[in-house]
J.: 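Dumping the structure here so I can ask a few things about it.
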Amino acid sequence: MSIDLHTHSSYSDGTFTPTQIADLASERGLAVWALTDHDTTAGLAEAAEAADAREIELVPGVEFSASLDGGSIHVLAYWPDPGSAEFADELARLHDERFRRGERMVEKLQALGHPISFDRVREIAEGDNIVRPHIAQALAEAGVVETPADAFTADLIADGGLADVPKHALHPVEAVGLIRRAGGACVLAHPGMWGRQGAVPDELIEEMAEAGMAGLEVDHPDHDEEARAKYGAVAEALDLVHTGSSDCHGTRYEPIRLGSETTTPGAFDELKRRAGRE
């Protein structure tokens with residue numbers, strides 16, 4: 001049974017609609033798929049309908065933004081209660097913050113002499129849920145960089161870069177508490193990736209585990225074998241569920257990642273148990 005617990009649709013910075021992801025999940029033999037768009041649940045209704053039609057189990061989720069020392073840290077929230085006012089209010093605040101942050105980043109890039117517009121960024125985003133890959137794509141289209149990935153440098157939009165605007169988000173430990181109060185299970189996404197710092201501090205992972213975090217995303221396309229060995233050991237030591245996920249963004253990264261990294265059925269069952277979803 002193939003299980004992919006980290007994907008993004010066109011409701012955030014993916015290039016596929018939830019229905020298109022469901023089609024691809026069916027083609028690739030996935031039995032379980034989680035939609036985890038950045039700071040929004042807007043795509044979950046479409047995802048649920050598409051998954052049900054294809055007899056795929058959908059895990060409703062969000063890749064929830066947190067922040068430490070000005071750097072973004074992402075916490076995967078699985079099965080949060082959509083009726084939680086506290087959770088919904090924070091998502092709404094993050095949505096508004098993302099929009100304002102995008103405007104300010106474009107203004108900084110323009111001041112640096114780069115010919116991009118916020119109108120074009122919004123067109124790429126297909127709405128108001130603005131994330132940095134949308135700005136990166138605009139920079140590539142304008143010829144400022146060769147590829148969108150090249151925009152994530154200190155001279156441009158990386159954490160701490162010349163055009164970066166710090167994100168005002170919860171501390172990761174506070175994010176764990178919020179997600180738990182909303183009935184969700186928390187997994188730290190790609191701990192080996194934390195902006196210019198390189199990796200999430202080990203002591204923070206310990207604090208998040210003590211606060212009730214359920215799992216650690218060990219197997220990820222951007223983790224090398226050394227990172228996988230390290231975080232596998234950390235997960236075992238802290239009694240965290242060892243997950244694996246593709247972090248698929250459609251065609252934004254090549255090749256299309258869906259199903260390239262997976263979570264074992266046993267680990268998925270344990271994650272469900274900890275979320276009270278048995």
Side-chain angles (χ1 to χ4, degrees), residues 1-38 40-64 74-80 82 133 184-193 214-225 227-229 231-232 235-236 240-278:
M1 183 171 71
S2 294
I3 301 166
D4 192 337
L5 296 179
H6 187 171
T7 68
H8 297 276
S9 78
S10 52
Y11 283 90
S12 63
D13 58 342
T15 61
F16 295 155
T17 66
T19 300
Q20 289 171 322
I21 300 174
D23 284 337
L24 185 59
S26 180
E27 291 173 14
R28 295 191 173 185
L30 291 181
V32 180
W33 153 53
L35 182 62
T36 52
D37 278 318
H38 290 286
T40 183
T41 59
L44 290 179
E46 179 184 341
E49 183 177 353
D52 185 61
R54 292 154 185 78
E55 297 184 344
I56 298 170
E57 181 178 351
L58 177 73
V59 177
V62 176
E63 187 166 11
F64 192 86
H74 294 162
V75 183
L76 294 161
Y78 299 118
W79 302 287
C186 314
V187 171
L188 178 60
H190 40 67
M193 300 165 57
L216 195 62
E217 191 176 59
V218 174
D219 298 318
H220 183 279
D222 296 326
H223 279 176
D224 60 20
E225 290 305 315
R228 293 171 194 240
Y231 293 116
E236 183 174 0
L240 297 172
V241 179
H242 173 144
T243 71
S245 308
S246 69
D247 198 1
C248 180
H249 288 70
T251 58
R252 195 170 298 281
Y253 304 114
E254 293 295 341
I256 296 171
R257 292 174 166 183
L258 189 70
S260 62
E261 303 284 352
T262 57
T263 297
T264 67
F268 180 60
D269 287 345
E270 177 61 16
L271 192 62
K272 290 179 77 172
R273 187 191 69 80
R274 296 189 186 194
R277 298 282 173 167
E278 294 176 292

J.: Using a 3.5 Å distance criterion without hydrogens, assess whether the side chain of Glu217 forms a donor-acceptor pair with backbone atoms of Thr243.
T.: no

J.: Ignoring hydrogens and angles, tell me if any N or O in the side chain of His190 forms a donor-acceptor pair with the backbone of His223 under 3.5 Å.
T.: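 Absent.
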
J.: When rounded to the nearest 0.5 angstrom, what distance separates CZ in Phe16 from OG1 in Thr251?
T.: 5.5 Å

J.: For a quick test of reading the model, state the closest non-hydrogen atom pair linking Tyr78 to Val187 and the distance between them.
T.: CE1-CG2, 3.6 Å

J.: Supply the atom-to-atom distance Thr40 OG1 to Phe64 CZ, rounded to the nearest 0.5 angstrom.
T.: 12.0 Å

J.: Got Glu261 and His220 here, is their nearest side-chain heavy-atom distance under 4.5 Å?
T.: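 A side-chain contact is absent here, since even the closest heavy-atom pair is not under 4.5 Å.
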
J.: With heavy-atom distances below 4.5 Å as the criterion, would you say the side chains of Asp52 and Glu49 are in contact?
T.: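 They are not in side-chain contact.
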
J.: Grab the two heavy atoms, one from Gly244 and one from Thr263, that are nearest each other, plus how far apart they are.
T.: O-OG1, 2.8 Å

J.: Hey, are the side chains of His242 and Asp219 touching, using non-hydrogen atoms and a 4.5 Å cut-off?
T.: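 Counting from C-beta outward, His242 and Asp219 do come under 4.5 Å.
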
J.: Are Ser9 and Leu35 packed together at the side-chain level, in the sense that at least one heavy-atom pair is separated by less than 4.5 angstrom?
T.: yes

J.: So how far is it from Glu46 CD to Gln20 CD, rounded to the nearest 0.5 Å?
T.: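 The distance works out to 8.5 Å.
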
J.: At their closest point, which heavy atom of Ile56 faces which heavy atom of Ala31, and how far apart are they?
T.: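 The pair with the smallest heavy-atom distance is CG2-O, 3.6 Å.
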
J.: What distance do Leu30 atom CG and Glu57 atom CD have between them, rounded to the nearest 0.5 Å?
T.: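 Rounded to the nearest 0.5 Å, the CG-CD separation comes to 12.0 Å.
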
J.: Closest approach of Gly259 and Asp4, non-hydrogen atoms and distance?
T.: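 So the minimum-distance heavy-atom pair works out to N-OD2, 2.8 Å.
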
J.: Could you go through the side chain to side chain contact (heavy atoms under 4.5 Å, CB included) check for Leu58 and Trp33 one step at a time?
T.: CA-CA 5 Å; Leu58 177 73; Trp33 153 53; 3.7 Å; yes

J.: Does Thr15 offer a backbone N or O that forms a donor-acceptor pair with the side chain of Arg252 under 3.5 Å?
T.: no

J.: Check for a donor-acceptor pair, side chain of His249 on one end and backbone N or O of Asp13 on the other, with a separation under 3.5 Å.
T.: no

J.: Grab the two heavy atoms, one from His6 and one from Ser245, that are nearest each other, plus how far apart they are.
T.: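 In terms of heavy atoms, the two residues are closest at CB-CB, 3.2 Å.
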
J.: Could you pull out the closest heavy-atom pair between Val32 and Phe268, with the gap in Å?
T.: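 In terms of heavy atoms, the two residues are closest at CG1-CZ, 3.6 Å.
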
J.: Atom NE2 in His74, atom NE2 in His38: separation rounded to 0.5 Å?
T.: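 So the NE2 of His74 and the NE2 of His38 are separated by 5.5 Å.
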
J.: Would you compute the distance between atom SG of Cys186 and atom CG of Leu240 and round it to the nearest 0.5 angstrom?
T.: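 One gets 11.0 Å once the value is rounded to the nearest 0.5 Å.
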
J.: Out of Asp247, Thr262, Leu271, Leu76, which residue meets the side-chain contact (heavy atoms from CB on, under 4.5 Å) rule with Leu5?
T.: Leu271

